[in-house]
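Counting starts at 1 for both ligands and their atoms, following the listed order. This chain uses plain numbering: 1 for the first residue, then up along the sequence.
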Amino acid sequence: MKVLILPDEKAATQRAADIVARTVTANPAAVLGLATGGTMLPLYAALVQRHRDDGLSFAQTTSFNLDEYIGLAPDHPCSYHTYMNDALFSHVDIDRARTHLPRGDAADPQVASDEYEDLIEAAGGIDLQLLGIGQNGHIGFNEPTASLGSRTRIKTLTTSTRRANQQYFASYEETPRYAITMGVATILASRKCVLVATGAAKAEAVARMVEGPLSAACPASALQLHAKATVILDQAAAEGLKLTDYYENVHPQGQDSVFD
Ligand code: F6R
């Protein structure tokens with residue numbers, strides 16, 4: 001696992017944007033795995049800026065988002081479809097026909113989940129998967145105790161996740177209880193993973209993910225099994241780590257090592 005510690009959120013965001021830009025420039029038809037949430041908003045803003053200023057093009061890319069709330073139609077203001085349109089898709093040249101999110105309003109969410117797995121496979125798998133992390137160690141909506149072998153399916157959200165996401169809904173009661181999410185094994189099957197975590201509230205989960213035991217109790221710790229996982233942190237999110245000297249030694253200021 002590459003651990004890159006950047007001075008602040010802005011620098012962490014730019015570092016993640018560099019990796020996405022490099023991936024898309026090297027392979028314009030890259031398949032991107034996308035995440036939602038507050039952490040990703042500055043990253044998408046940085047990508048939109050690079051599209052406008054530097055001509056970074058998503059015209060040939062395909063995308064698959066990690067998750068969607070069950071019960072929300074794509075045009076619901078709080079759906080992740082709407083989030084993606086507002087944060088990224090409407091502002092870049094991506095072909096909407098090649099953007100994918102699970103259908104939260106599917107008549108049979110499990111059938112929709114199986115079909116989603118098939119679509120990812122048909123696209124040739126995910127080249128670069130972006131991830132955030134929940135305060136409880138979730139990735140996607142794989143809550144603690146999620147099977148490390150799981151594939152896209154229905155998950156029940158924990159109270160803490162619903163409380164964290166309540167800010168986007170009118171009340172806790174209206175915050176969805178269920179989601180369709182890529183599984184941990186779906187995420188691990190992507191060729192590269194880049195997880196971004198910023199702010200002190202993520203410090204404990206980050207420490208468990210990077211230096212804790214591999215355990216379904218912290219689904220993000222499954223990234224320890226991934227051969228190409230990069231974790232991009234700001235100082236505050238890195239605060240709980242014990243081996244910071246080593247990470248700094250390998251990647252000073254979060255930059256590439258001589259062998260990257
Ligand atoms: C969103 C997702 C979640 C978030 C995580 C962090 O698609 O899969 O795992 O990445 O809950 O959310 P923020 O960034 O809002 O703290």
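Looking at ligand 1, you'll find an N or O of Gly38 within less than 3.5 Å of one of its N or O atoms. Polar contact check, Tyr80 against ligand 1: no nitrogen or oxygen pair lies under 3.5 Å apart.
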Could you pull out all donor-acceptor pairs under 3.5 Å where a side-chain atom in residues 20-39 meets a protein atom, sequence neighbours excluded?
| from | atom 1 | to | atom 2 | distance (Å) |
| --- | --- | --- | --- | --- |
| Thr23 | OG1 | Ile19 | O | 2.8 |
| Thr25 | OG1 | Ala21 | O | 2.6 |
| Asn27 | OD1 | Ala29 | N | 3.2 |

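Distances from ligand 1 to the non-hydrogen atoms of Lys202 include at least one value under 4.0 Å.
Salt bridge annotation for Arg151-Glu117: present, with a cationic side-chain nitrogen under 4.0 angstrom from a carboxylate oxygen. Using a cut-off of 4.0 Å between Lys/Arg side-chain N and Asp/Glu carboxylate O, Asp108 and Arg103 are scored as not salt-bridged. Salt-bridge check for Asp260 with Lys2: passed, with a basic side-chain N closer than 4.0 Å to an acidic carboxylate O.
Heavy-atom proximity to Leu66, at under 4.0 Å, picks out these atoms of ligand 1: 8 (O). Within ligand 1, counting atoms from 1 as listed, the ones closer than 4.0 Å to a heavy atom of Gly37 are 14 (O), 15 (O). Contact atoms of ligand 1 toward Gly140: 2 (C), 3 (C), 8 (O), 9 (O) (distance under 4.0 Å to a heavy atom of the residue). Within the listing of ligand 1, atoms 1 (C), 2 (C), 7 (O), 8 (O) sit less than 4.0 angstrom from a heavy atom of Asp67.
For atom 11 (O) of ligand 1, the closest non-hydrogen atom of the protein is His138 NE2, 2.6 Å. For atom 10 (O) of ligand 1, the closest non-hydrogen atom of the protein is Gly132 CA, 3.3 Å. Looking only at heavy atoms of the protein, atom 4 (C) of ligand 1 is closest to Thr36 O, 4.0 Å. The protein heavy-atom contact nearest to atom 14 (O) of ligand 1 is Thr39 OG1, 2.4 Å.
At most 12 non-hydrogen atoms from other residues, nucleotides or ligands lie less than 6.0 angstrom from CD of Glu121.
In this model, a donor atom of one side chain and an acceptor atom of the other lie less than 3.5 Å apart for Arg50 and Gln14.
Remark: aromatic rings of Phe141 and Tyr178 are distant, center separation not under 6.0 Å.
Applying the ring pair (Phe, Tyr, Trp, His ring centres under 6.0 Å) rule to Phe169 yields the partners Tyr69; only residues at least two apart in sequence or on another chain are considered.
Around atom 6 (C) of ligand 1, the closest heavy atom drawn from Leu157, Ile187, Ile133 belongs to Ile133.
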